Amino acid sequence: MRFAVVATALLSAAIVRADAADDLEDASSSVSSAVESATSSAVEKPTFTPTTLKAPFLEQFTDDWESRWKASHAKKENDKSTEEEWAYVGTWAVEEPSVLKGMEGDKGLVIKDKAAHHAISAKFPKVIDNKSKTLVVQYEVKLQNGLECGGAYMKLLQNNKALHAEEFSNASPYIIMFGPDKCGATNKVHFIFRHKNPKTGEYEEKHLNNPPMARIVKTTSLYTLIVKPDNSFEIKIDGESVRNGTLLEDFTPSVNPDKEIDDPKDKKPDDWIDEARIPDPEAKKPEDWDEDAPFEIVDEEATKPEDWLENEPTTIPDPEAEKPEDWDDEEDGDWIAPTVPNPKCDQVSGCGKWEPPMKKNPDYKGKWTAPYIDNPAYKGVWAPRKIKNPDYFEDKTPAKFEPMGAIGFEIWTMQNDILFDNIYIGHSIADAEKLKSETFDLKIAAEKTEEEANAPKPSEKPESPMDLNFKDDPVHYIKEKFDLFLTIAKKNPVDAIKFVPEIAGGLGVLAVTVLAIVISLVTMGSGAAPTKDQIKDAAKKAKDATVEAKDKAAEAVASGAEKAQAEVNKRSTRSSAT
């Protein structure tokens with residue numbers, strides 16, 4: 001009954017207009033959009049509330065964010081191999097997500113331009129120094145348009161007097177670089193720290209060996225880096241530990257150089273023998289060794305197959321070829337048809353003159369060479385002697401990073417709408433976990449619920465429109481039935497009525513309704529034919545019925561979505577209780 005109401009109302013708009021078939025398609029699409037929108041909005045979402053946690057730096061991009069963050073308009077420094085200059089022209093905005101919004105009122109910092117260089121930074125209220133302290137870096141990344149080629153990492157900038165936001169660029173010295181980066185086959189979560197050589201004063205980047213892969217999804221991802229005073233580190237994604245190790249053992253180049261190095265002045269002696277094996281000098285070629293014997297010889301025992309067609313050529317003129325109309329014998333010469341393989345040869349062993357095949361020569365030995373023996377004069381592989389490394393030093397506490405004065409995003413990306421949010425930089429693992437529970441944990445649950453609600457489930461739907469059930473999915477049911485009816489009707493209206501009677505029935509009910517309206521208009525007054533205004537009024541009533549039906553359909557599906565959400569909440573409560 002519910003389908004009849006919805007279908008009849010939907011079909012009314014189509015009958016009122018002349019192009020009925022096109023309007024039926026529009027009506028179906030309109031209801032689908034309305035119901036999908038209702039489904040999305042029906043997912044219960046938490047409301048953003050600023051945290052009360054404190055940290056050396058904690059950013060949730062509240063309304064006063066511009067007092068902390070400044071975009072850079074510096075030039076990007078390139079390597080010396082090119083004179084090309086790039087400016088940071090990419091724009092930034094603070095806004096709510098446009099894809100799978102998981103929390104009402106929760107805004108983040110968003111990259112707005114494709115294929116552009118972006119740079120923005122914020123100074124810390126106080127310099128962050130983690131000597132003898134744990135360093136915790138945590139932030140959310142939301143790839144609303146995916147990530148095919150670009151970065152979404154942050155930099156913790158070295159504290160110095162030249163730290164000006166307007167001049168922040170790729171050349172600005174940083175202490176830590178952390179976060180996802182993907183382009184083509186490259187997909188990793190960077191963890192790079194800059195280490196100062198205590199002897200030379202020069203800095204060197206230390207790159208994590210075997211970094212974890214970034215998660216390229218449209219739901220929010222949470223990246224966490226923890227570095228402890230004992231030089232151990234841990235990387236988490238969405239709260240799950242994905243990589244751990246130590247700063248002293250898991251980075252290239254290593255923090256501390258080797259104690260010994262090869263002596264650059266040591267040279268291999270001229271008489272050093274480093275050939276482990278040599279040809280046996282006492283070996284001699286046997287007298288019966290024939291180096292001239294051929295590799296193959298004619299097989300004298302072979303006989304011609306009985307079905308061999310020796311008088312048939314291997315190729316013949318193409319019987320289907322025709323002389324081109326513009327061929328001029330005087331200018332182009334006599335025309336000769338192109339040849340093709342003789343089809344008769346495919347049915348037998350072969351055609352043309354038969355010759356015995358070749359076979360491997362049993363007397364073939366090839367060129368004689370002396371066998372190899374161990375070299376009695378072999379001294380082994382030469383290597384220069386080792387000497388003490390004059391540049392050796394030992395830093396036992398590389399986790400004591402230099403003071404950091406600001407955070408910056410300096411990024412080039414092919415995708416826009418990358419969103420950053422809920423940045424925590426401090427020394428408390430517990431506080432970072434608390435912030436995660438207040439923000440990420442709540443929004444990711446809503447995002448995944450909405451993602452699952454909107455995701456197509458072809459495997460769960462019948463393959464044939466004839467097997468659909470209205471109660472399972474009203475939107476899909478109506479759309480598929482409409483599409484099937486229209487497809488058949490364009491070829492044979494009778495078959496359309498036969499195979500999709502529910503649509504035909506809806507049309508019939510609608511026709512009777514419209515006819516009743518017209519008759520009532522005709523019988524009004526003096527019985528004169530209905531006026532143009534009266535017909536328009538009838539059409540308006542039919543369209544109003546359509547709108548009302550669409551609202552009811554959306555309301556019904558929204559109600560279903562709310563029930564599904566309630567079930568999800570019930571299961572979540574049970575899970576947490578256990």
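Predicted model, so just to flag it, every value in this text is computed and none were measured.
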(message) Check for me whether the distance between the ring centres of Phe233 and Phe251 falls short of 6.0 Å.
(response) yes
(request) Would you please test Asp421 and Asp106 for side chain to side chain contact (heavy atoms under 4.5 Å, CB included) and show each step? (result) CA-CA 9 Å; Asp421 198 7; Asp106 185 26; 3.0 Å; yes
(message) With no hydrogens and no angle check, just 3.5 Å: does a side-chain donor-acceptor pair link Gln144 and Ser98?
(response) yes
(request) Drop me the distance from Lys182's NZ to Leu143's CG, to the nearest 0.5 angstrom. (result) 10.5 Å
(request) Take atom NZ of Lys131 as the centre, draw a 6.0 Å sphere, and report whether it contains more than 12 heavy atoms from other residues, nucleotides or ligands. (result) no
(message) Classify the ring geometry of Phe124 against Phe57: parallel below 30°, tilted from 30° to 60°, perpendicular beyond 60°.
(response) tilted
(message) Treating Thr397 as the side-chain partner and Lys400 as the backbone partner, does any N or O pair qualify as donor plus acceptor under 3.5 Å?
(response) no
(message) Return the CG to OG1 distance between Asn342 and Thr315, rounded to the nearest 0.5 Å.
(response) 8.0 Å
(message) I'd like to know if the side chain of Glu438 pairs up with that of Thr51 as donor and acceptor (distance under 3.5 Å, no hydrogens or angles considered).
(response) yes
(message) Test: disulfide (SG to SG under 2.5 Å). Region: residues 173-264. Which pairs qualify, not counting sequence neighbours?
(response) Cys149-Cys183
(request) Look at Lys359 together with Glu300 and state whether they make a salt bridge at an N to O cut-off of under 4.0 Å. (result) no
(message) Return the CG to CE distance between Asp299 and Met358, rounded to the nearest 0.5 Å.
(response) 9.5 Å
(request) Would you check if there is a donor-acceptor pair between the side chains of Tyr364 and Glu291 at a distance under 3.5 Å? (result) no
(request) Test Ile237 against every option in Val189, Val141, Leu222 by the side-chain contact (heavy atoms from CB on, under 4.5 Å) rule and name the one that passes. (result) Val189
(request) Report yes or no: does Trp308 contribute a side-chain atom to a donor-acceptor pair with the main-chain N or O of Gly352 at less than 3.5 Å? (result) yes
(message) Is it true that Asn209 and Thr252 share a donor-acceptor pair across their side chains at a distance under 3.5 Å?
(response) yes
(message) Are Val110 and Ile418 packed together at the side-chain level, in the sense that at least one heavy-atom pair is separated by less than 4.5 angstrom?
(response) no
(request) With the side chain counted from C-beta on, respond yes when Leu247 and Val227 share a heavy-atom pair under 4.5 Å apart, and no when they do not. (result) yes
(request) Classify the side-chain pair Tyr88/Glu410 by whether it contains a donor and acceptor separated by less than 3.5 Å. (result) yes
(message) Using side-chain heavy atoms (C-beta onward) and a distance below 4.5 Å, is Ile192 in contact with Leu208?
(response) no
(request) Over all heavy atoms of both residues, which pair between Ala283 and Pro371 is shortest? Give the atoms and the distance, please. (result) CB-CD, 3.7 Å
(message) Determine whether a donor-acceptor pair (N or O, by modelled atom type, separation under 3.5 Å) exists between the side chain of Arg194 and the backbone of Tyr174.
(response) yes
(message) Just checking Lys126: does its NZ atom have more than 12 heavy atoms from other residues, nucleotides or ligands closer to it than 6.0 angstrom?
(response) no
(request) Kindly determine whether Gln60 and Lys107 satisfy side chain to side chain contact (heavy atoms under 4.5 Å, CB included), including the steps that lead there. (result) CA-CA 7 Å; Gln60 294 188 295; Lys107 297 179 179 179; over 6 Å; no
(message) Under 4.0 Å between a side-chain nitrogen and a carboxylate oxygen: does that hold for Lys443 and Glu140?
(response) yes
(request) Find out whether Trp354 and Ser349 are in side-chain contact, i.e. whether some heavy atom of one side chain is under 4.5 Å from a heavy atom of the other. (result) no
(message) On a heavy-atom basis, which atom in Ala445 and which in Thr449 lie closest, and how many Å separate them?
(response) O-OG1, 2.8 Å
(request) Any chance you could measure Ser254, atom OG, to Lys206, atom NZ, to the nearest 0.5 Å? (result) 6.0 Å
(message) Are more than 12 heavy atoms, taken from residues, nucleotides or ligands other than Asp64, located less than 6.0 Å from that residue's CG atom?
(response) yes
(message) Looking at every heavy atom in both Ala399 and Asn130, which two are closest together, and how far apart are they?
(response) O-ND2, 2.9 Å
(message) Please verify the inter-ring angle class for Phe191 with Phe193; under 30° counts as parallel, over 60° as perpendicular, anything in between as tilted.
(response) tilted
(message) To check you understand the geometry: which heavy-atom pair defines the closest contact between Phe393 and His195, and what is its length?
(response) CE1-CE1, 3.9 Å
(request) Could you tell me how the ring of Tyr153 sits relative to the ring of His190: parallel (under 30°), tilted (30 to 60°) or perpendicular (over 60°)? (result) perpendicular
(message) Please check: side-chain N/O of Asn197 versus main-chain N/O of Thr200, any donor-acceptor pairing under 3.5 Å?
(response) yes
(request) With rounding to the nearest 0.5 Å, note down the distance linking CG in Asp441 to NZ in Lys434. (result) 11.0 Å
(message) A cation-pi test, strictly: NZ or CZ of Lys268 under 6.0 Å from the centre of the six-membered ring of Trp382 and no more than 45 degrees from its axis. Yes or no?
(response) no
(request) Look at the side chain of Glu447 and the backbone N and O of Thr220, then say whether any donor-acceptor pair between them is shorter than 3.5 Å. (result) yes
(message) For Lys259, is there any backbone N or O sitting under 3.5 Å from a side-chain donor or acceptor partner on Lys388?
(response) no
(request) Nearest 0.5 Å please: distance from the CE atom of Met213 over to the CG atom of Asn187. (result) 4.0 Å
(message) Is the terminal nitrogen or CZ of Arg277 (NZ for Lys, CZ for Arg) located under 6.0 angstrom from the six-membered ring centre of Tyr372 and within 45° of that ring's axis?
(response) no
(request) Measure up the Trp92 and His118 rings against each other and bin them: parallel (under 30°), tilted (30 to 60°), perpendicular (over 60°). (result) perpendicular
(request) State, yes or no, whether a side-chain contact exists between Lys448 and Ile444 at a heavy-atom distance under 4.5 Å. (result) yes
